[in-house]
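Convention: sequence-line order gives letters A, B, ...; per-chain numbering from 1. Excluded from the calculations below are hydrogen atoms, water molecules and symmetry mates; all remaining heavy atoms, backbone and side chain alike, are included. Quick caveat, the model's predicted, so the values are computed rather than measured.
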Amino acid sequence: MSRHPARIQKICQILKTRYPDVKTQLNHRNAFQLLVATILSAQCTDRQVNAVTPNLFAQLKTPEDFARAPIETIETLIHSTGFFHNKAKNIQNCARMLMERFDGKVPDTIDELIQLPGVGRKTANVVLGAVFGIPGMVVDTHVARISQRLGLTSSKDPVKIESDLMDIIPKSKWNDFSLWLIYFGRAVCNARKPDCPNCFLTHLCPYPDKRI
DNA sequence: CTCCCGATAT
DNA sequence: ATATCAGGAG
């Protein structure tokens, strides 16, 4: 179980008070759109993703549309999110696999989701939580960094961090916890210049005024 | 481990 | 100029 149950409980309580109504910031209308938007979000801000998805989903609506489209069309539509060659290819092959193996629908298990091109555990857990309400710990750059700073894990491996966090956070809070750290990471505990002097978790953090 | 890559903040 | 952004694949 938890090595610091009281401290972790306080951290969760404070985060919940600060961020009572968290949800994904990736704009979408359905499961497929969220899957595509999350693939696009790799090493890219949500803001940049939300800037391209309205036009992207106006041009290409269904997995069939993405499967048939010339790759250059997809590349152009997503260009500003970066890694556009890889992302376009992954999204198209993802759409094709959805049609061939999953009846054109987004699957609801992590084992199936991570089979899709461009979909790793982070993307899969985003979709599981937001679309299907299935508990999952989303370990992105924010969750990894802040978990290390708070001393909730000593690992740099996202898979190990995910496991460490699932061991110390109640399953019912996995989805919210990920989002709390992401909101917190953007607003306070950012990568380059964490605002420790004004941080509401400093008294519970073993590494105030330090960088990891 | 390296590569993929544009947009933004510092 | 450099670091970073809701990572994933080879």
Side-chain angles (χ1 to χ4, degrees), chain A residues 15 19 21-28 31-56 71-72 74-98 106 110-132 134-149 153 155-163 165 169 174-196 211-212:
Chain A
L15 286 169
Y19 310 117
D21 191 28
V22 289
K23 61 182 189 298
T24 177
Q25 300 303 114
L26 295 167
N27 297 334
H28 62 284
F32 177 65
Q33 288 190 357
L34 180 60
L35 180 64
V36 172
T38 310
I39 292 173
L40 291 175
S41 73
Q43 295 294 293
C44 178
T45 60
D46 285 9
R47 175 179 162 182
Q48 280 302 120
V49 176
N50 289 334
V52 308
T53 47
N55 186 42
L56 174 66
I71 194 66
E72 296 83 2
I74 302 177
E75 288 182 348
T76 299
L77 288 167
I78 70 168
H79 178 271
S80 64
T81 65
F83 297 156
F84 61 91
H85 288 300
N86 286 344
K87 288 177 180 177
K89 185 190 304 176
N90 284 335
I91 289 169
Q92 180 163 73
N93 288 334
C94 182
R96 289 172 175 167
M97 188 178 290
L98 287 178
V106 178
I110 192 162
D111 289 333
E112 291 174 309
L113 281 164
I114 63 177
Q115 293 177 30
L116 299 166
V119 180
R121 297 190 64 84
K122 175 258 173 179
T123 297
N125 278 318
V126 168
V127 172
L128 287 175
V131 175
F132 301 108
I134 296 173
M137 192 65 76
V138 176
V139 180
D140 71 330
T141 183
H142 295 293
V143 174
R145 179 183 69 250
I146 294 167
S147 297
Q148 291 164 17
R149 287 177 177 171
T153 182
S155 177
K156 294 181 179 178
D157 173 20
V159 177
K160 180 66 165 71
I161 295 172
E162 182 185 337
S163 172
L165 293 177
I169 303 295
W174 288 355
N175 296 114
D176 282 349
F177 186 79
S178 303
L179 284 165
W180 289 335
L181 292 197
I182 291 165
Y183 279 55
F184 176 58
R186 289 170 176 157
V188 181
C189 195
N190 57 40
R192 297 184 69 163
K193 193 175 185 298
D195 193 7
C196 298
R211 305 286 191 89
I212 295 179

Output the single nucleotide from [options] whose closest atom is nearest the side chain of [X].
X       : options                : answer
H142(A) : dC5(C), dG6(B), dA9(B) : dC5(C)
H79(A)  : dG6(B), dG7(C), dT8(B) : dG6(B)
K122(A) : dC5(B), dC5(C), dG7(C) : dG7(C)
S80(A)  : dA7(B), dA3(C), dA6(C) : dA7(B)
I182(A) : dA6(C), dC5(C), dC5(B) : dA6(C)
A191(A) : dT8(B), dG6(B), dC5(C) : dC5(C)

Whole-Å [atom1] distance, [N] and [M]:
N      : M      : atom1 : value
dT8(B) : dG8(C) : C1'   : 23 Å
dT2(B) : dA3(C) : P     : 15 Å
dA6(C) : dC4(B) : P     : 22 Å

Closest non-hydrogen atoms of C189(A) and R149(A), given as atom of the first, atom of the second and distance, are SG-NH1, 3.2 Å

Shortest non-hydrogen contact between Y183(A) and D21(A), atoms and distance: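 Answer, listing the atom of Y183(A) first, then D21(A): OH-O, 4.4 Å.
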
Could you tell me how far apart [X] ([atom1]) and [N] ([atom2]) are, to the nearest whole angstrom?
X       : N       : atom1 : atom2 : answer
I161(A) : dG7(C)  : CD1   : P     : 13 Å
N86(A)  : dG10(C) : CG    : P     : 9 Å
R145(A) : dC5(C)  : CZ    : P     : 5 Å
L26(A)  : dA6(C)  : CG    : P     : 9 Å
N93(A)  : dG10(C) : CG    : P     : 10 Å
Q43(A)  : dA3(C)  : CD    : P     : 14 Å
M137(A) : dA6(C)  : CE    : C1'   : 15 Å
E75(A)  : dG6(B)  : CD    : P     : 11 Å

Has the side chain of [X] got a donor or acceptor atom that lies under 3.5 Å from a matching backbone atom of [Y]?
X       : Y       : value
S178(A) : W174(A) : yes
K87(A)  : I78(A)  : no
N50(A)  : Q25(A)  : yes

Most 5' of V138(A) and L116(A) on DNA chain C, judged by nearest nucleotide: V138(A)

Residue met sooner reading DNA chain C from 5', once G118(A) and C44(A) are mapped to nucleotides: C44(A)

Are [X] and [N] close enough that a side-chain N or O sits under 4.0 Å from OP1 or OP2?
X       : N      : value
H85(A)  : dC4(B) : no
T81(A)  : dG6(B) : no
R186(A) : dA6(C) : yes
T123(A) : dG8(C) : yes

NA contact type, [X], heavy-atom cut-off 4.0 Å: base, sugar-phosphate, or nothing?
X       : value
P158(A) : nothing
L179(A) : base
Q48(A)  : sugar-phosphate
V139(A) : nothing

Side-chain donor-acceptor pair under 3.5 Å between S41(A) and K122(A), yes or no?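 Their side chains do contain a donor-acceptor pair, which is all the 3.5 Å distance test asks for.
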
On the side chain of T45(A), is there an atom forming a donor-acceptor pair with the base of dA6(C) - under 3.5 Å, no angle test?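 Side chain to base: no pair below 3.5 Å.
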
Would F83(A) count as stacking on dC5(B) if stacking means ring centres less than 5.5 angstrom apart and planes tilted under 30 degrees? no

State the CG-OG1 distance between D46(A) and T81(A), to the nearest 0.5 angstrom. 12.0 Å

